[in-house]
Amino acid sequence: MNIKVLGGGCKNCERLLKATKEAVENKEVDAEIEYITDIEKIMSYGIMSTPALVIDEKVVATGRVLKTKDIEKMI
């Protein structure tokens, strides 16, 4: 599984990254987590607002910080 957190490095992006790491740890899944701050890569996903969460190349959330339990449901 590949999970990407897209964002510019703001506090909300950092919070989403932390929640994502916690969700992966809680679910005990084998996942690669990437934190992408490159604006060109972010734009390639058609993201209009960050932070955003991408799971296996599918955009599942944009413009909000998800809670750990919500991310666990998506994994």
Side-chain angles (χ1 to χ4, degrees):
M1 178 178 286
N2 182 274
I3 302 173
K4 295 177 180 146
V5 175
L6 311 178
C10 66
K11 286 182 183 181
N12 285 339
C13 300
E14 296 289 335
R15 286 179 28 218
L16 180 60
L17 179 62
K18 181 181 178 197
T20 301
K21 289 178 179 180
E22 289 173 1
V24 167
E25 187 175 307
N26 291 347
K27 294 289 281 186
E28 298 179 352
V29 295
D30 183 27
E32 176 185 354
I33 300 173
E34 296 179 63
Y35 184 36
I36 298 176
T37 57
D38 183 327
I39 192 68
E40 288 184 24
K41 289 182 182 178
I42 293 170
M43 289 174 54
S44 73
Y45 284 94
I47 303 299
M48 300 306 281
S49 61
T50 59
L53 185 65
V54 178
I55 298 176
D56 291 332
E57 296 305 312
K58 180 181 176 193
V59 178
V60 295
T62 62
R64 61 194 171 115
V65 177
L66 298 170
K67 295 179 180 175
T68 301
K69 64 180 180 177
D70 295 328
I71 299 169
E72 288 174 7
K73 292 176 187 174
M74 295 178 183
I75 294 178

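No continuous path of ILVMFWY side-chain contacts below 4.5 Å connects Ile36 to Met43, so the two sit in separate hydrophobic clusters. Residues Val59 and Ile71 are members of separate hydrophobic clusters, defined by side-chain heavy-atom contacts under 4.5 angstrom among Ile, Leu, Val, Met, Phe, Trp and Tyr.
Taking NZ of Lys18 as the start and CD of Glu14 as the end, the distance is 11.0 Å to the nearest 0.5 Å.
The heavy-atom pair separating Leu66 from Ala19 by the smallest distance is O-CB, 3.7 Å. Closest of all the heavy-atom pairs between Asp56 and Met1 is OD1-CA, 3.4 Å. When all heavy atoms of Pro51 and Leu16 are compared, the closest pair comes out as CB-CD2, 3.6 Å. Taking each heavy atom of Thr50 and Cys13 in turn, the nearest pair found is OG1-SG, 4.3 Å. Of all the heavy atoms in Tyr35 and Gly9, the pair that sits closest is OH-CA, 3.1 Å. Counting all heavy atoms, side chain and backbone alike, Lys27 lies closest to Glu72 at CE-O, 3.6 Å.
Applying the side chain to side chain contact (heavy atoms under 4.5 Å, CB included) test between Leu6 and each of Ile39, Thr62, Ile42 identifies Ile42 as the sole match.
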Evaluation steps, side-chain contact (heavy atoms from CB on, under 4.5 Å), between Leu53 and Val5: CA-CA 5 Å; Leu53 185 65; Val5 175; 4.0 Å; yes

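No more than 12 heavy atoms of other residues, nucleotides or ligands lie within 6.0 Å of CD in Glu25, so this atom counts as exposed by the packing criterion. Shown here is Glu40, whose CD atom has no more than 12 heavy atoms of other residues, nucleotides or ligands within 6.0 Å.
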